[in-house]
There are 2 protein chains.
Amino acid sequence: MLCHMNGIMFYPLLEEAGDFINSSVRGKKLIICIGLFSVEYLGRSSSNLGLGERVLMVKEDGSVLVHRRVGYEPVNWQPAGCIIRCGVRDGKLLLLSERRRPKEFLKVVFDKVYLITSTSLVDEARFEIGPVENEFYDLLMAHPEYIEEGLRIVSRQKSMPSGIPDFTGKDSKGNYVIIEVKRSMAGVDSVKQLDRYMKSQRGHFRGILCAPSITKSALLILKKKGYDFRRLNLKALSSLVAFKPYEETLDRHLEEGGS
Amino acid sequence: MLCHMNGIMFYPLLEEAGDFINSSVRGKKLIICIGLFSVEYLGRSSSNLGLGERVLMVKEDGSVLVHRRVGYEPVNWQPAGCIIRCGVRDGKLLLLSERRRPKEFLKVVFDKVYLITSTSLVDEARFEIGPVENEFYDLLMAHPEYIEEGLRIVSRQKSMPSGIPDFTGKDSKGNYVIIEVKRSMAGVDSVKQLDRYMKSQRGHFRGILCAPSITKSALLILKKKGYDFRRLNLKALSSLVAFKPYEETLDRHLEEGGS
DNA sequence: GCCTAGGTCCCGTAT
DNA sequence: ATACGGGGCCTAGGC
C-alpha cells in the first residue's frame, strides 16, 4: 500500500483489527494503534487504567508501549521479549503481552480502534553517543586535559588505521606519550593497536589508552605491558560542544516564522 | 476527518508536513509521524543518529519520542515542557525541540515523511497502581497472617536502610522474630540484610525473609543460616485493597490460553 | 530552585 | 542464569 507499509486501517471492526495485529506480529512489523481502550498490568506491581483514548505501540521484538495524551513515559509497557497474543472476546479486542521472567502480564482491552497501521522500518544507522568523529578528536586536541591533566598534544593523526597513533604528546613530567583513543569501550584489540605503535617507536615513550571504558581482559594486558588507561568522560566532553549551531537554526526559524 | 482526529497525510510534501506539525502543535494535538530521518541531540550528553526509518511522537506537553524498530526505550527523546519549532530548511524538514533547564536540544531532520497523523485524545481515566511501598507495608502491618499464620507485629521500621528490620514480631509459639520483607524476588542481598539485623540483636530470635519469590542461591544461604523463607502471596494481599487488579478477566484469559 | 529517593525503572557487563 | 552499576535515566516529593 505505502512504501515500507504493511497497511493501514481506519475504524476497522475489532475482528479485522485483531487479524491485522496478529499478521503484523507474525510479520515482525511495528504496530501503531490509536483507539479507545483500558489497560491492566500484573507483575512486579499491578495497575489498572480505565477506558480512554490512547496510543498503543507494539514492536517486532515484543516490546509494548501505551502512551497517553501527555508525558514522556508510557503509562503502561512491556520490555522487549514478550509474547503477544490477540483476539476478540466478549465483543472486545484483547491484546495480551506476556513476559516470562519476571512473570508479567499486560492486557489491553479495546472498545474501539480508530486507526491502526503496521510498518517494516528500515533502519541500519548506528547510534553514536558523544561528539561525532571529527568533532571528537578536535575537542581532545583542544582539551588534552580530558585525557590527562598537564598533557600537551604534539602530533595528531587524522585519518584512520595507518600505523600512526591518534596522538603523541608530552606529559606533565616531560615524558613523551603515545595515545590511542577510542570512542567506545576499549577491548584487547585496542591494546594491541597501542602496542604496535609503541613497538614501532624508538626511545622512551609512555603508552596511554584513552576510552570511556575498558574490558577487564584488555585492562589486564594493558597493565602487564606497562601502559596506562585513562577513562574518557564522554558526557563532560559533550558539554564542550557549542550550543550555537542549534540555537542559530532555531533562531533562523523563529525570525522567518516557521516553515 | 476521523473521530477525534485532526487529520492524516500520506507522503506529504515536506512543506505540507511542516505546516501540519505546526498547526498540530498549536492545536495541542498528539502527533505521530513515520518517516525517514536523522536525529541529533545535544545537552547533558550528545548523540548522533544517521538516516533511517523511525517513528516520531510529539505530545501536546512538548515531550518528544523517537522510536526505532526495536527496543522499549526511545533512542532519542525530550521530556515534557519543551518548545517545538518546525519548518523546511535546505530541502529538509527540521523539527527542533528545545528544553530550557537543563539546556538541551533535539533536532530531527526529515528526508521523507511517509505518514503523519495528529489526534486529540480524550482520556480522563485515573491510573491506579497496586500496593506501592508504604501501602504495601501498611497492608502487612494490618494483616501479618500473610507473612505467617499466628504472627503478631511488635515493631515496624518505616524509613529505609537504618540497621533496623522492616518488622519485629512474635510468632504463634511465642518466639520473637525479625522479618525482612521484599516486594519482588529476594536475592542474596536480602539475606545479607536480614543477617545483619539478626547479628545486631541479642537473645533468641527467628529470622524470616518474606518475598513473592527468592533466588536459588539466596534460599541456599538463607537455609544454611537457619532462617525461614515465607512466600508472600501478592495476589491475595492485593485483594485486600479497594482496587483489585487480580480480577477475573485476566486470570480467565490466562487459563484459557488466549484467543 | 536544588536535592533525594523510587521505579513494573531499563539496559548493559561481569560473574 | 543472577548480580551490579549507570543512565541525557524520569518523576514526585521535600526543603
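Since we're looking at a predicted model, the values are computed, not measured. Values reported hereafter were calculated over all heavy atoms of this structure, with side chains retained and with hydrogens, waters and symmetry mates removed.
- Note: CG (Leu65(A)) to P (dC9(C)) measures 16 Å, nearest angstrom.
- The distance from atom CG of Asp61(A) to atom C1' of dC11(C) is 13 Å, rounded to the nearest whole Å.
- A distance of 7.5 Å separates CG in Leu96(B) from CZ in Phe105(B), rounded to the nearest 0.5 Å.
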Can you check each nucleotide of nucleotides 8-15 of chain D against protein heavy atoms at under 4.0 Å and return B for base, S for sugar-phosphate only, - for none, in 5' to 3' order? BSSS----
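- Atom-to-atom, CD1 of Ile214(A) to C1' of dA14(C) comes out at 15 Å; the value is rounded to the nearest Å.
- Residue Lys216(A) places at least one side-chain N or O closer than 4.0 Å to OP1 or OP2 of dT15(C).
- Rounded to an integer number of Å, the gap from CG of Leu234(A) to P of dG12(C) is 17 Å.
- Here Arg231(A) pairs with nothing under the salt bridge (charged side-chain N to carboxylate O under 4.0 Å, His left out) rule; sequence neighbours left out.
- Across dT8(C) and dG6(D), the matching P atoms stand 22 Å from one another, rounded to whole Å.
- Electrostatic pairing of Glu60(A) and Lys28(A) does not count as a salt bridge here, judged by no charged N lying under 4.0 Å from a carboxylate O.
- Between Trp77(B) and Tyr72(A), the angle of the ring planes lies from 30° to 60°, which puts this pair in the tilted group.
- For the atom pair OH of Tyr227(B) and CG of Asp195(B), the computed distance is 3.5 Å after rounding to the nearest 0.5 Å.
- Partner assigned to dA1(D) is dT15(C), using Watson-Crick or G-U wobble distances below 3.5 angstrom.
- Between the Arg100(A) side chain and the Ile83(A) main chain, no donor and acceptor come within less than 3.5 Å of each other.
- Backbone-only contact: Thr215(A) has heavy atoms under 4.0 Å from sugar-phosphate atoms and none from a base.
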